[in-house]
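Side chains are part of it too, since the values below use all heavy atoms of this structure and drop only hydrogens, waters and symmetry mates. Order of listing sets the numbers, starting from 1, for every ligand and every atom in it. Please read all numbers here as calculations on a predicted model, not as lab measurements.
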Amino acid sequence: MKILKHFVYAMLPLVFVLVHLVHAQDQSGFISLDCGLPKDSRYSEPTTKIDYISDAPFISSGISKSIFQAYKANQPRHVGLVRSFPQGSRNCYKLKVRRAAKYLIRATFLYGNYDGLNKLPQFDLHLGLNKWATVNFSSVNLITMREIIHITSQSHLQICLININSGTPFISALELRPLKNNTYVTSTGSLALAYRYDIGSTANQSYRYPYDLLDRLWTPYTQKDWTTVTTSHTVDDNNASVYDSYQVPSIVMSTSAAPLKARGGSASWEFYWEPADLTTKYYVYWHFAELQKLQSNQSRAFQVTLNGKLWYPKTFFPTYLKSRTLHSNWASPVSSYNFSLVQLANSTLPPILNAFEVYTVIELFSQPETDQNDVDAINNIKSTYRVSRNWQGDPCLPTEYSWAGVNCNHEYVDNPRIISLNLSSSGLTGEITSYISSLAMLESLDLSNNTLIGSVPESLYRLQKLSVLNLKGNMLTGSVPAELIERSKNGFLSLSVEENQGLCASFSCKKKKNILIPLVSSIGALLVLLSAAAIFVAPAWKKQHGIDARSTVQNTSLEPKQRQFTYSEVLKITNNFERILGKGGFGTVYHGLIKSTDVAVKMLSSSSTEGYHQFQAEVKLLMRVYHRNLTSLVGYCHEGTRIALIYEYMANGNLQSYLSAENTNENVLSWQGRIQIALDAAQGLEYLHNGCEPPIVHRDVKTSNILLARNFQAKLADFGLSKIFPTDSDTHVSTKVAGTPGYLDPEYYKTNRLNEKSDVYSFGVVLLEIITSRPAISRSQERAHISQWVSYVVADGDIRSVIDPRLEGDFEVNSVWKAVEIAMACVSPTSFQRPSMNQVVAELKDCLAIEEARKNHIPLIHAAEADSGEKFYVASSTGSINPLPR
Ligand SMILES: *[C@@H]1O[C@H](CO)[C@@H](O)[C@H](O)[C@H]1NC(C)=O
Ligand SMILES: *[C@@H]1O[C@H](CO)[C@@H](O)[C@H](O)[C@H]1NC(C)=O
Ligand SMILES: *[C@@H]1O[C@H](CO)[C@@H](O)[C@H](O)[C@H]1NC(C)=O
Ligand SMILES: *[C@@H]1O[C@H](CO)[C@@H](O)[C@H](O)[C@H]1NC(C)=O
Ligand SMILES: *[C@@H]1O[C@H](CO)[C@@H](O)[C@H](O)[C@H]1NC(C)=O
Ligand SMILES: *[C@@H]1O[C@H](CO)[C@@H](O)[C@H](O)[C@H]1NC(C)=O
Ligand SMILES: *[C@@H]1O[C@H](CO)[C@@H](O)[C@H](O)[C@H]1NC(C)=O
Ligand SMILES: *[C@@H]1O[C@H](CO)[C@@H](O)[C@H](O)[C@H]1NC(C)=O
Ligand SMILES: *[C@@H]1O[C@H](CO)[C@@H](O)[C@H](O)[C@H]1NC(C)=O
């Protein structure tokens, strides 16, 4: 019967999600994992009615085992199976949680001789990167628990079992319960449970959910010389008082105990303990309620002291049938704890106590985890190749558990970064995944001795720091990207490509094998991609391919100094500044020709040469920045006050001129074209923020700085210039703020503190312009700034009044809604409300997909493969796209 049930559950997961939601409303926010339960199984615990699910979706390792049948008697079902971890020194659960939320986290263990060894193991538990507890056992058939109250810092939580060479780690159940953030408040640290007692209980039974809505476990505790005081009435939370919020269940509060009177006539409680070490800090929670209806000549009043001093500053009178909790919001370590509840002289009744809890403080360092882009990339690589190594938890941290074959640099300011990946002899098959190119700080990549096929992805050129690339002993074909060959020839990259099927690592073999020509003609995009790099290596490249017929010199290396031009060369290139292409913030741009290739030459206004001393270093840095959505810097000139920057030429000019009202109808950019341009620009900006070290803040993102290539691929121009030409803000005097009115981040304007989010703001303005074709600021309007205008019009829900009327309805409304939502998020007044460019890129991709789906007549409701299984999307009533709960 049981097997059949599991089968049915597995077949109908969605139906059961719905059923689950209906009958388990008051378990909302609970995460209840029965570890070792077969994948997709679920059940409701008979005694508590807590709904347990399998832990399989939250961990990729470990094996399911059953405890000995004899030990299952009188135990809850969720400890009958365990997940055991015979392999790897660290195995981690990854759970989705609410960020900055308080949770009670409970790990449960029952050994039950599940491995037949009859040997009690010992191991550690980590929460994220920090040790939380050691797990040890006193008996084969006793449940051990570890509980911690913790505020999450991120939207995921890692709970790891660590092998400390004292037996195999295992776990029976893992439970998370959301708590209110105004309870169990500490000055620092998280709270690990030491004791939680239900005093005076006559039931010889622990209580938890559904009695306790927060699912704390209350263990009965009583002693022979105590007088129990109980009531059959309900004890309420006194929600009118500040002590109300602990929600101790009535069944726990309705029993209490009082100490017997001492001979002197007064009575007191004493709780005495010595901490294991002198640095341990404790938080104590006393829960009181009067259970006796007092006569007029009766009174119960007492004081709470710690080591003889008043701990609670007032006299305490329990309230009839109302819970009150005494606690402090700070703790300091002392060498011994002697808590007393002391009866007052004029009190006729002794102190009573209904329940209490003691926690120790665990300081969890909010150690920065590995850079999220790197983590995403390496996890994608892991799943692409189904890497069988023990790759779990954070790839770089703690350092003693960093992933095999992964090396990290911990010196980066914010988060550790992955700098080397060695998957040599790892049985990899398939193509080289482009996820590798997302490990932006990678210095060394070893994929040798695998059976990789296909070509070397172009995107590897993005790895600016790559100095070792070993592809030896695979079945790769095609040619190594020109950019990498170039770097290898210049001695920046050690490149090994031997023992492959037909992998070519020089310029000449391309011509021989005739690979370039068919590739270029069939994949137009590749041409574009190459052109960014090709311009940079233009002289050498063209010689090789006979484009420049006059030259026969076989010189493939391009020394950095060759990218420096003299002023007289600049005169020649621009034909004495014959044709002006435009005027920008930093100077005038002229058309030029270098060996029959069009270039754009920016002459920088030379009113002041101060601050130019770093010019050369900065320009060299910029020349190393390559991305298909950034205009490439081909060379520069620096002779006294004559300063020029030479860029690749962008045939279709800038985006502003395409959006402006003067633009005639025949040249109107389609909606899809607009989103593609926005996505291109976003990717360029994302690369400046995340792919460059140190990150580059553009400071002047605007439509006139987004240039369009012949095929309308968009590239950002002028990045890094504000760094070269520091404004006054670099002297910390905020008299002048770089940027263009309308695009300027209001927060930056106020605080003069610049960061990547300032660019996000400007990008939001650009996106609004792309949507509306209105200028950033229209002085004739009441709502002068475009963001004010859009939010005013959108408030009526009328998206069609927002979008450029020249599109004449030729767009998918949901795609436009989404674009507006992205843009409005970007122009949020405070930087922390704005998305990162990473998120913007992802959202714009969705936006583009929606529009493309319309064009291809794909229905909007569709299932898409996502990272960890299926995600279903539907269009909600507002037109935005929301993932359905699973
Ligand atoms: C677990 O280990 C701690 C510290 O070594 C010890 O104090 C405790 O008694 C042990 N608990 C059990 C159940 O063996
Ligand atoms: C507690 O949570 C509420 C909302 O859930 C939030 O408004 C409040 O600021 C939080 N308080 C603290 C101290 O974090
Ligand atoms: C309490 O219950 C346990 C088993 O659950 C039993 O062994 C014990 O004798 C009981 N104690 C009392 C006082 O009933
Ligand atoms: C708690 O608050 C609710 C709503 O404010 C009120 O109806 C109820 O009487 C209160 N209970 C107590 C015990 O004060
Ligand atoms: C309180 O008053 C009751 C009668 O109302 C009496 O029986 C009792 O002894 C008195 N107790 C004390 C402590 O005075
Ligand atoms: C604890 O404190 C009480 C009262 O302050 C005192 O009577 C008692 O001796 C103390 N116990 C210990 C073990 O210090
Ligand atoms: C008992 O004495 C305390 C002061 O020590 C006082 O605050 C309280 O009101 C008195 N209670 C009664 C019932 O007299
Ligand atoms: C990668 O690992 C293999 C064996 O584990 C080693 O021989 C090789 O040198 C490593 N490669 C690099 C680049 O360190
Ligand atoms: C290549 O990998 C295989 C396993 O995939 C291994 O047996 C062999 O020793 C490796 N060869 C070299 C030269 O590392």
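With sequence neighbours excluded, the residues forming a side-chain hydrogen bond (donor to acceptor under 3.5 Å, both in side chains) with Asp55 are Arg83, Tyr93, listed by chain and number. A search for side-chain hydrogen bond (donor to acceptor under 3.5 Å, both in side chains) contacts involving Ser437 returns Ser459, not counting sequence neighbours. Applying the side-chain hydrogen bond (donor to acceptor under 3.5 Å, both in side chains) rule to His689 yields the partners Asp759; only residues at least two apart in sequence or on another chain are considered.
To the nearest 0.5 Å, the span separating CD1 on Ile381 from OG on Ser438 amounts to 7.5 Å.
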List, pair by pair, the atoms of ligand 8 and of the protein that are both N or O and lie under 3.5 Å apart, giving the separation rounded to 0.1 Å.
from, atom 1, to, atom 2, distance (Å)
ligand 8, 2 (O), Asn422, OD1, 3.4
ligand 8, 2 (O), Asn422, ND2, 2.3
ligand 8, 11 (N), Asn422, ND2, 2.8
ligand 8, 11 (N), Asp446, OD2, 2.7

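A donor-acceptor pair under 3.5 Å is absent between the side-chain atoms of Gln122 and the main chain of Ser166, judged by distance alone. Panel note: side chain Asn379, backbone Ala377; no donor-acceptor pair is recorded below 3.5 Å.
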